[in-house]
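Structure, as structure tokens:
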Amino acid sequence: MFQHQHNKDSIIGYLVVLLVFSVMLIAPSAADAAFSLKKPFGDQEIKLKIYGFSQLEARAGEGMAKRSDLSDDGLRFQAQRIRLGTNYYYGNMFGKLFLDFNQSHSTKRAGLPLMIKDAFVGYRWCDSAFIRLGMIKTPLGLDFTIPGWNLDIIERNKLEKGMVFERDMGVLLSGRFIGFGNPKGATEGTEMGHEKTGKGFGYDLGVFNPAGRSDSVKDQDKIASDGGIKTTGDALAYVGRLHFDWGELFHCEAAYGISEEAGGKNTEDYEAFDAGISSYIGPLDLKLEYIFGQNISGVKDADQSTFVGTVGYMLNSHYELVAKHYQSNADPASGDESDLGNTYIGVCYYLTDLNLASDEITRKIRRKLQNHRIQLNYVATSGDDGDDWTGKWGYTDDAYLLQWQYKF
């Protein structure tokens with residue numbers, strides 16, 4: 001009787017997700033954009049850019065279940081990101097404040113409440129040299145430094161994201177598009193990754209507090225609550241990245257980071273290496289990334305690695321097909337080595353009325369299409385899924401994910 005009801009609830013949940021998606025396909029759309037305010041101040045002009053986005057979701061499947069009998073695998077509604085931000089510009093000075101109202105306003109990690117995603121001030125001498133101080137995205141992870149509203153699937157899977165250093169408090173020196181005669185002003189200083197298109201070399205060099213927002217580094221407040229000794233002031237995190245761009249055709253990067261005493265006083269340093277390549281060839285979006293983490297949470301020889309491959313194809317300016325595969329290997333400090341695969345099969349529907357053919361779509365247009373987007377993903381698992389996975393994160397059973405995003 002229970003199993004019959006369980007299966008019935010699951011089928012109803014899946015049907016509701018598909019019905020909602022079908023209704024969304026015929027919903028109207030309108031043009032949308034960020035807002036800019038300008039005001040003279042002394043010999044310069046203050047510019048304030050205001051923007052935001054929301055991602056509302058429906059999810060179902062055994063991969064979403066929390067109970068051991070998988071009885072809670074039915075339909076659930078949630079929000080992923082509810083964000084509002086401002087960028088400030090005055091002469092060579094700039095700043096950014098970015099808030100997520102779907103995160104805690106009281107729980108602090110890495111020195112600020114979780115709802116504060118970015119909070120930094122900076123100075124830009126030129127495209128090849130600008131500096132930032134504050135809460136910043138650390139420059140490790142090709143997928144991680146892509147904005148959350150511009151992802152090719154609904155989410156960043158933790159098989160990859162769990163090993164990055166996340167955001168952290170510190171100082172970061174950066175440069176973009178060095179050489180090859182780019183026009184002046186190709187950057188604004190607030191760029192977190194490779195949002196802009198250009199040609200040339202780039203770099204990011206940063207020193208931060210211990211990476212307390214990373215899932216691979218224990219938070220300092222948690223260490224203290226467990227009776228341990230905080231390492232803030234003793235330990236630091238260091239991250240460096242080199243990259244090269246050739247317009248839309250080619251981007252590559254490699255990054256290395258170390259967060260000292262990742263599990264608390266006298267524990268091991270967490271180390272991570274990431275390398276990635278991305279390319280936009282007409283309607284094709286291609287990405288390949290590898291990330292390796294060593295001594296996760298400060299536990300000696302607790303290692304994990306993940307390969308990520310992505311193929312997206314724009315049928316036209318309304319529909320895109322996407323396949324993304326994560327292949328992860330876990331080598332825990334104790335227990336058996338194992339492998340887990342998560343494969344996302346998805347379709348994106350863009351509601352903005354551009355009505356372009358696939359060969360007319362550039363990377364800039366792709367970003368504009370994200371203002372009104374609906375994504376439907378199916379996640380399939382492979383390898384040592386279920387209870388055989390000895391690593392961290394990832395789906396161990398299949399899941400169905402739907403997300404509706406609007407952005408301005």
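In what follows, residues are counted from 1 in the order of the sequence shown.
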Between E289 and L142, is there a donor-acceptor pair closer than 3.5 Å when you use the side chain of the first and the backbone of the second?
yes
Is the shortest heavy-atom distance from the side chain of K47 to the side chain of Y88 under 4.5 Å?
no
Euclidean distance, D269 CG relative to Y238 OH, rounded to 0.5 Å:
10.0 Å
Qualifying residues under side-chain hydrogen bond (donor to acceptor under 3.5 Å, both in side chains), relative to Q78, sequence neighbours excluded
E57
According to ring pair (Phe, Tyr, Trp, His ring centres under 6.0 Å), who are the partners of Y89, at least two apart in sequence or on a separate chain?
none
Flag the pair I374 / Y350 as yes when at least one side-chain heavy-atom distance between them is below 4.5 Å, and no otherwise.
no
Flag for H318-N355: side-chain donor and acceptor within less than 3.5 Å
yes
Compute whether any side-chain donor of one residue and acceptor of the other, for N316 and S358, lie under 3.5 angstrom apart.
no
Residues F292 and Q294: closest non-hydrogen pair is CE2-CB, 3.9 Å
Sequence neighbours excluded, every pair satisfying ring pair (Phe, Tyr, Trp, His ring centres under 6.0 Å) that has a member inside residues 373-397:
Y378-Y400
Report yes or no: does D127 contribute a side-chain atom to a donor-acceptor pair with the main-chain N or O of A186 at less than 3.5 Å?
yes
Any side-chain donor paired with an acceptor under 3.5 Å for T145 and K137?
no
With sequence neighbours left out, write down each residue that passes side-chain contact (heavy atoms from CB on, under 4.5 Å) with D221, or none if nothing qualifies.
K108, D219, K230
With a 3.5 Å distance limit and no angle check, can you tell me whether D72 reaches the backbone of R67 through a side-chain donor-acceptor pair?
yes
Answer yes or no: is there an ion pair linking D118 with K96, defined by an N-O contact shorter than 4.0 Å?
yes
At their closest point, which heavy atom of C348 faces which heavy atom of Q375, and how far apart are they?
SG-NE2, 3.4 Å
Between S128 and R176, is the side-chain hydrogen bond (donor to acceptor under 3.5 Å, both in side chains) condition met? List the steps.
CA-CA 5 Å; S128 58; R176 298 284 187 276; over 6 Å; no
Quick check against the 3.5 Å criterion: does N102 have a side-chain atom that pairs as donor or acceptor with the backbone of A79?
yes
Which heavy-atom pair separates G247 from K199 by the least distance, and what is that distance?
N-CG, 3.7 Å
Starting at CE of M192, measure out to CG of D204 and round the result to the nearest 0.5 Å.
9.5 Å
Pair F165, F144 - check ring pair (Phe, Tyr, Trp, His ring centres under 6.0 Å), show working.
CA-CA 9 Å; F165 281 44; F144 173 64; 9.9 Å; no
Among residues at least two apart in sequence or on other chains, which ones pass ring pair (Phe, Tyr, Trp, His ring centres under 6.0 Å) with F41?
Y90
Note, H251 side chain near R363 side chain (heavy atom, < 4.5 Å):
no
Would you say CG of D387 has more than 12 non-hydrogen atoms from neighbouring residues, nucleotides or ligands within 6.0 angstrom?
no
May I ask you to say whether D168 pairs ionically with R213, meaning some side-chain N is under 4.0 Å from a carboxylate O?
no
With the side chain counted from C-beta on, respond yes when D398 and V379 share a heavy-atom pair under 4.5 Å apart, and no when they do not.
no
Give the minimum heavy-atom separation between D215 and G162, together with the two atoms involved.
CB-O, 3.7 Å
Residues E320, R366: salt bridge by 4.0 Å N-O rule:
yes
Under the side-chain contact (heavy atoms from CB on, under 4.5 Å) test, which residues partner L315, sequence neighbours left out?
Y313, Y319, L321
Among K218, K265, E261, Q220, whose side-chain hydrogen bond (donor to acceptor under 3.5 Å, both in side chains) with T231 holds?
Q220
Give a yes or no on whether the backbone of W149 and the side-chain of R373 come within a donor-acceptor separation of less than 3.5 Å.
yes
Considering all heavy atoms of both residues, which atom of L159 and which atom of T306 are nearest to each other, and what is their separation?
O-OG1, 2.6 Å
So, do K392 and K158 sit near enough that their side-chain heavy atoms are less than 4.5 Å apart?
no
R81: what forms a side-chain contact (heavy atoms from CB on, under 4.5 Å) with it, not counting sequence neighbours?
F53, Q55, R83, D100, L151, R156
Flag side-chain contact, heavy atom, 4.5 Å: I153 against Q403:
no
Is a side-chain donor or acceptor of S259 paired with a backbone partner of A262 at a separation under 3.5 angstrom?
no
For F177, ring pair (Phe, Tyr, Trp, His ring centres under 6.0 Å) partners two or more places apart
none
Can you check whether D339's main-chain N or O pairs, donor with acceptor, with N329's side chain at less than 3.5 Å?
no
Student check: side-chain heavy atoms of E195 and P147 closer than 4.5 Å:
yes
Any salt bridge between D245 and K196, counting N to O under 4.0 Å?
no
So, S104 side chain and S106 main chain: donor-acceptor pair closer than 3.5 Å or not?
yes
Return each pair, listed once, that meets ring pair (Phe, Tyr, Trp, His ring centres under 6.0 Å) where at least one residue sits in residues 102-137; pairs must be two or more places apart or across chains.
Y123-W125
State plainly whether the residues R241 and E253 are in salt-bridge range, i.e. N to O under 4.0 Å.
yes
Step by step, would you call T190 with N87 a side-chain contact (heavy atoms from CB on, under 4.5 Å)?
CA-CA 8 Å; T190 54; N87 288 359; 3.7 Å; yes
Main-chain N/O of D143 paired to E160 side chain as donor or acceptor, under 3.5 Å:
no
What pairs meet the ring pair (Phe, Tyr, Trp, His ring centres under 6.0 Å) rule with one or both residues in residues 200-224, with sequence neighbours excluded?
F201-F244
Please enumerate all residues that pass ring pair (Phe, Tyr, Trp, His ring centres under 6.0 Å) together with F307, with sequence neighbours excluded.
Y290
With no hydrogens and no angle check, do the side chains of E271 and N295 hold a donor and an acceptor under 3.5 Å apart?
no
Would you mind checking if E191 and R132 are paired as a salt bridge, meaning a charged N to carboxylate O distance below 4.0 Å?
no
Any ion pair linking E166 and K161 (charged N to carboxylate O, less than 4.0 Å)?
yes
Would one find more than 12 heavy atoms of other residues, nucleotides or ligands at under 6.0 Å from atom CD1 of I229?
no
Checking side-chain contact (heavy atoms from CB on, under 4.5 Å) between L402 and each of L376, L56, L75, which is the one that passes?
L376
Under the 3.5 angstrom rule, does the side chain of T138 hit a backbone N or O of L140 as a donor-acceptor pair?
no
If I compare all heavy atoms of T352 with all of L369, which pair ends up nearest, and what's the gap?
OG1-O, 4.2 Å
Does any non-hydrogen side-chain atom of L172 lie less than 4.5 Å from one of L205?
no
Donor-acceptor contacts under 3.5 Å from residues 277-286 side chains, at least two apart:
from : atom 1 : to   : atom 2 : distance (Å)
S279 : OG     : L249 : O      : 2.4
D285 : OD1    : K287 : NZ     : 3.0
D285 : OD2    : K287 : NZ     : 2.9

